[in-house]
Amino acid sequence: MSEQTGAVELVQLADKLKESYDEFTEAVSGLGSKVAGHAGSSKMGGSFLRWIAGSHISTPRDTLCEEFLTKVQGQLEFFQTALEGAAPEEAAEACAVVADIMLCPVDGQLNSTTGLMKRAMVSQFMPLLPYLSQDKLKECHQRMTTAYRKRDLLPVEKQLIRAMEQRIKE
């Protein structure tokens, strides 16, 4: 694969990831607010409660979240495969684009389905950390640590921040 072809493929894969995030946001928005008589069933918290309780009932939101996770994981697998043959500069540039998509702070909607799901997805970025330039790594770290109060960070966000800090020290 030539350098030009590899760079184009990486950009296309990053664009598909962006489309997946946008489609997920639109799909969840299309579901509207809670359905009468099913208080809490349309919230991510309700999904967690049903999961903990052992219920196997899936709501449309649950299905969208599962589909989003599966889709993003698949796209990231293709992306990582494409990175293996890319020049270091191309890989760093493409991973920076993916970082901007996946590590973008969620504005004020901490309890929304899309907000929580997007925040939880940061764990999927972990294998791409080695490809980021030090400058981009520091920028992403700064963005994540200033976006939320420390106590409001999800466990996966805390884990990613620690991994970033280790890479910055290297």
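Since the model is a prediction, treat every value here as computed from it, not as a measurement. Residue indices begin at 1 and follow the sequence shown.
- Side-chain contact check for Leu83 versus Tyr131: some heavy-atom pair is nearer than 4.5 Å.
- Annotation for Val28 and Arg61: closest pair CG1-NH1, 3.1 Å, computed over non-hydrogen atoms.
- The backbone N or O of Val106 sits less than 3.5 Å from a side-chain atom of Tyr148, completing a donor-acceptor pair.
- Annotation: side chain to side chain contact (heavy atoms under 4.5 Å, CB included) contacts of Ala92 (sequence neighbours excluded): none.
- Tyr21 is not listed as a side-chain neighbour of Thr114, based on a closest heavy-atom distance of 4.5 Å or more.
- A salt bridge between Glu19 and Lys16 is absent, with no side-chain N of the basic residue lying under 4.0 Å from a carboxylate O of the acidic one.
- Between Leu128 and Gln80, the shortest heavy-atom distance links the atoms CD2-CG, 3.6 Å.
- Applying the salt bridge (Lys or Arg N to Asp or Glu O under 4.0 Å) test to residues at least two apart or on different chains, the pairs with a partner in residues 160-169 are Arg167-Glu170.
- Side-chain contact check for Lys118 versus Thr25: some heavy-atom pair is nearer than 4.5 Å.
- Remark: Glu157 pairs with Arg119 by the salt bridge (Lys or Arg N to Asp or Glu O under 4.0 Å) rule, at least two apart or across chains.
- Summarising the geometry, atom SG belonging to Cys104 is positioned 8.0 Å from atom NZ belonging to Lys18; distances are rounded to the nearest 0.5 Å.
- Taking NE2 from His141 and OG1 from Thr146, the interatomic distance works out to 10.0 Å, rounded to the nearest 0.5 Å.
- Residue Ala96 comes nearest to Leu132 through the heavy atom pair N-CD2, 3.7 Å, listed as atom of the first residue, atom of the second, then distance.
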**Asked** What do the steps show when you test Phe125 against Leu103 for side-chain contact (heavy atoms from CB on, under 4.5 Å), and what is the final call?
**Response** CA-CA 8 Å; Phe125 189 79; Leu103 306 181; 3.9 Å; yes
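- From Asp100, atom CG reaches atom NZ of Lys136 across 3.5 Å, with rounding to the nearest 0.5 Å.
- With values rounded to the nearest 0.5 angstrom, Ser133 atom OG is found 11.0 Å from Glu89 atom CD.
- Note that CD of Glu67 and CZ of Phe24 are 10.0 Å apart. Values are rounded to the nearest 0.5 Å.
- Nearest heavy-atom pair, Arg143 versus Ala99, reported as atom, atom and distance to 0.1 Å: NH1-O, 4.1 Å.
- The nearest pair of heavy atoms linking Ala94 to Leu10 is CB-CB, 3.7 Å.
- The closest side-chain heavy-atom distance from Met102 to Leu76 is below 4.5 Å.
- The two residues Lys158 and Leu153 come nearest to each other via the heavy atoms CE-O, 3.6 Å.
- To the nearest 0.5 Å, atom CG of residue Leu154 and atom CG of residue Leu160 are 11.5 Å apart.
- Counting heavy atoms from C-beta on, the side chains of Leu64 and Phe68 never come closer than 4.5 Å.
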